[in-house]
Number of protein chains: 2
Amino acid sequence: MDLRHLKSFLIVAEELNIGRAAMRLHISQPPLTRQIQQLEEELGATLLIRTNRGVELTEAGLLLVEEARNILALTEQAAERTHKAGQGKLGRIDVGIFGSGIFGVLPKILLAFREAYPEVNIVLHNMNKREQIDALRQRRLTVGFNRLLPDEPDIAVELIVKEKLYLAINSKQALSKKKEIPWAEIGNHPLVLFPSGARPSFIDWVLDLCRADGIKPWVAQEVGDAVNGVALVASGFGICIVPESATNMKLPGVVYRPLIRNPPPEVDLSCLYRASDDSPILHSFLAIARTFRD
Amino acid sequence: MDLRHLKSFLIVAEELNIGRAAMRLHISQPPLTRQIQQLEEELGATLLIRTNRGVELTEAGLLLVEEARNILALTEQAAERTHKAGQGKLGRIDVGIFGSGIFGVLPKILLAFREAYPEVNIVLHNMNKREQIDALRQRRLTVGFNRLLPDEPDIAVELIVKEKLYLAINSKQALSKKKEIPWAEIGNHPLVLFPSGARPSFIDWVLDLCRADGIKPWVAQEVGDAVNGVALVASGFGICIVPESATNMKLPGVVYRPLIRNPPPEVDLSCLYRASDDSPILHSFLAIARTFRD
DNA sequence: TTCTGACATACCGTAAAGGTATGGCAGGGT
DNA sequence: ACCCTGCCATACCTTTACGGTATGTCAGAA
């Protein structure tokens, strides 16, 4: 069965006159007559009763009109949806996020993407760095966000923003009176560090900076992410070094102060994706994400 | 969009290899490659990622697989259903019946038809003779059943059975002791006649018979149909002439006795339909009905 | 490097689809 | 009663497009 035949048949059923229907279809009458004949032969059913004043529908014809309307509507919709999917306007995107990532530019990117592509279903997955890379390779993720990413050949990494570092301090501590904290001060207080899993990570980068400056940090506790770190600061465990985005997390008894060092300490927030992935949804997403680059 | 292209695409999506898919479709590889290319161009979306080991589906392709499965299944079903409708195996038939018709051969015909054509929806309409003919002309009925039908050029009438006449008698009457009742006896008892509407009808035919025999009937009451007539007999209104089929209606206090006359009094049960109607459902139905002819 | 397996391209022949002209049939008007 | 008109069907021709064969191109494996 041919969709063109169904379309023709529908027009004939509307006009009840093969000649007029042929005009509407921009073909001449004989081919249309033949199309209907072929359709009837293929279906093994008489669809039209030919009269001298035109045609009328049989019951089989009447039934086929309903079915054909359905089929053609479904087909149009399928074409439309496939086209949209091809442009990255329809579908699903799995985004890997991490603990403190949720406070900074990431929600702004997600919101902008949702507004630009409302028919793309955004699914968020909380994962650490290692899990994100594995999930990307297994196609469980389309894109991930993280910091301090290793250079792997099949995973592309794009810097989104560099964030300055802040020190989370319990407001009862004298240190909280200072407007800015010199980097060297880190060595003088018990330190809460994160994240605990998936080395090397933010922890190691901080420790490397300290080693470079000849500072011996006093590590009081390792925690999973910035949220837990700042929570411990609130209850007086010590100080905690966090990226700027985490300062959006207001907790009672915690203040944030900029850390001063030369060169200024900055940590990246990057997105990562399969280098070989050229799916339109990913690239629509990356285009939005890039507008948030400094 | 072409259904053949969708079919081809589905096979390609199953094989993930254009060459193998072409073999399954019994065509060579280049035309299939072109079909997919045309499909992609028409939809404005990349459906396949060509690799050196075959092809894989894009998200748009994955979506189209689902849509295509739907469309093709619906199309097959439409063809199947239309074919059945063309054979009179699927659809709807509107059958006009009348009061006492429901007791005799009519339910047997309906049952046989329902068993032979289970996918045809039988809709019954209780109508008198005039209403049936009008409804047929307006296509609200496919076929009707009635007695003593007038000869009209556009309405075909086919005799199904001739029924002998019986007399419904209250069992308290002395008359009920007789095994058979001579026709002339009718004049000696109060008579319940039916149907009341749509003259000429059964009533007139009975009165004509009486007139021919020189009998003056004593008409006690006219009622709408045999059911009401026999009910009045049960409560002692008088006697009532009924066709054989109505004797299936057992009411307490009513007995049925054959009426004897020369020639024997018989009334027809016929079906009627539009003479120009050659719809397969009607003719399937008529074929079943004819098997019940004597 | 070469070989293999896969998809893409070029070109040709045939089959299917459309166009023109005409036939056949049934109603309605004269 | 006849012809005229409108409509669908048929015959025949033209054009389109679809499939087949041969070949190109590319990437990964031996």
Side-chain angles (χ1 to χ4, degrees), chain A residues 1-43 45-58 60-61 64-65 86 137 153-154 274-278, chain B residues 1-58 60-61 64-65 86 153-154 274-278:
Chain A
M1 187 151 46
D2 189 343
L3 285 184
R4 193 164 29 86
H5 289 189
L6 286 186
K7 246 174 248 173
S8 304
F9 174 68
L10 267 192
I11 303 290
V12 172
E14 280 173 24
E15 296 289 340
L16 295 176
N17 177 312
I18 297 186
R20 274 203 305 276
M23 279 178 49
R24 270 183 63 186
L25 289 162
H26 306 108
I27 61 175
S28 60
Q29 171 258 318
L32 182 54
T33 293
R34 265 198 315 249
Q35 280 190 27
I36 305 294
Q37 286 170 340
Q38 282 170 21
L39 200 55
E40 286 183 319
E41 190 174 353
E42 188 180 347
L43 296 172
T46 304
L47 300 174
L48 300 177
I49 297 167
R50 281 74 168 171
T51 73
N52 49 332
R53 255 196 318 290
V55 296
E56 42 189 275
L57 292 166
T58 63
L64 188 61
V65 166
R137 291 207 173 106
D154 57 335
R274 286 185 297 281
S276 62
D277 187 347
D278 52 1
Chain B
M1 188 152 45
D2 189 342
L3 284 183
R4 194 163 30 85
H5 288 189
L6 286 186
K7 248 174 246 173
S8 303
F9 174 68
L10 267 193
I11 303 291
V12 171
E14 280 172 25
E15 295 290 340
L16 295 177
N17 177 311
I18 296 187
R20 274 204 306 275
M23 279 177 50
R24 271 183 63 185
L25 289 163
H26 307 109
I27 61 176
S28 60
Q29 170 257 318
L32 183 53
T33 292
R34 264 200 315 250
Q35 279 189 28
I36 304 295
Q37 286 170 339
Q38 282 169 20
L39 201 55
E40 287 183 318
E41 191 174 352
E42 188 179 347
L43 295 172
T46 305
L47 301 174
L48 300 177
I49 297 167
R50 281 75 168 169
T51 74
N52 49 332
R53 255 195 319 290
V55 296
E56 42 188 275
L57 292 166
T58 63
L64 187 61
V65 166
D154 57 334
R274 286 185 299 281
S276 63
D277 188 348
D278 53 359

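Between B/Leu32 atom CG and D/dT21 atom P the separation is 15 Å, expressed in whole Å. Separating the CG atom of A/Leu16 from the P atom of D/dG6 is a distance of 19 Å, rounded to the nearest angstrom. Here the C1' atom of nucleotide D/dT16 and the CD1 atom of A/Ile27 are 14 Å apart, to the nearest Å. Taking atom CD on A/Glu41 and atom P on D/dA9, their separation rounds to 14 Å, with Å as the unit. For B/Glu42 and D/dA17, the CD to P distance is 13 Å, given to the nearest whole Å.
Counting only heavy atoms from C-beta outward, the side chains of B/Gln35 and B/Val12 never approach each other to under 4.5 Å.
Atom CD of B/Gln29 and atom CG of B/Asn17 lie 9.0 Å apart (nearest 0.5 Å). Here CG of A/Leu6 is found 7.0 Å from CG of B/Leu3. Values are rounded to the nearest 0.5 Å. The CE atom of A/Met1 sits 5.5 Å away from the CG atom of A/Leu43 when rounded to the nearest 0.5 Å. Residue A/Leu10 holds its CG atom at 9.0 Å from OG of A/Ser8, rounded to the nearest 0.5 Å.
The salt bridge (charged side-chain N to carboxylate O under 4.0 Å, His left out) search around A/Asp154 returns A/Arg137, not counting sequence neighbours. With sequence neighbours excluded, the residues that form a salt bridge (charged side-chain N to carboxylate O under 4.0 Å, His left out) with A/Asp2 are A/Arg4.
Minimum heavy-atom separation, B/Phe9 to B/Ile36: CA-CD1, 3.9 Å. Across A/Gly86 and B/Ala45, no two heavy atoms sit closer than the pair CA-CB, 3.7 Å. Annotation for A/Glu40 and A/Leu48: closest pair OE2-N, 3.2 Å, computed over non-hydrogen atoms. B/Leu32 and B/Ile18 get closest at one heavy-atom pair: CD2-O, 3.4 Å.
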Donor-acceptor pairs are to be reported for all side-chain atoms of residues 51-58 of chain A against protein atoms at under 3.5 Å, with residues two or more places apart or in another chain.
unit_1, atom_1, unit_2, atom_2, d
A/Thr51, OG1, A/Arg53, N, 3.1
A/Thr51, OG1, A/Gly54, N, 3.2
A/Thr51, OG1, A/Gly54, O, 3.1
A/Thr58, OG1, A/Thr46, O, 2.7
A/Thr58, OG1, A/Leu47, O, 3.2
A/Thr58, OG1, A/Ala60, N, 3.4
A/Thr58, OG1, A/Gly61, N, 3.0

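Contacts between residues 1-15 of chain B and DNA chain C, counted as heavy-atom distances below 4.0 Å, involve no residue at all. A heavy-atom distance below 4.0 Å to DNA chain D is reached by these residues of residues 33-40 of chain A, ordered by number: A/Thr33, A/Arg34, A/Gln37.
Of all nucleotides in DNA chain C, those with any atom nearer than 4.0 Å to a heavy atom of chain A start and finish, going 5' to 3', at C/dA17 to C/dG27.
Checking the phosphate oxygens (OP1, OP2) of D/dG28, no side-chain nitrogen or oxygen of B/Arg53 falls inside 4.0 Å.
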Kindly give the atom pairs (protein nitrogen or oxygen, nucleotide nitrogen or oxygen) under 3.5 Å for nucleotides 22-27 of chain D.
unit_1, atom_1, unit_2, atom_2, d
D/dA27, O3', B/Asn52, ND2, 3.3

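Listed by first and then second residue, the salt bridge (Lys or Arg N to Asp or Glu O under 4.0 Å) pairs involving residues 12-39 of chain A are A/Glu14-A/Arg24, A/Glu15-A/Arg20, A/Glu15-A/Arg24 (not counting sequence neighbours).
Across the interface with DNA chain C, nearest-nucleotide mapping of B/Arg20 and A/His26 shows B/Arg20 to be the residue nearer the 5′ end.
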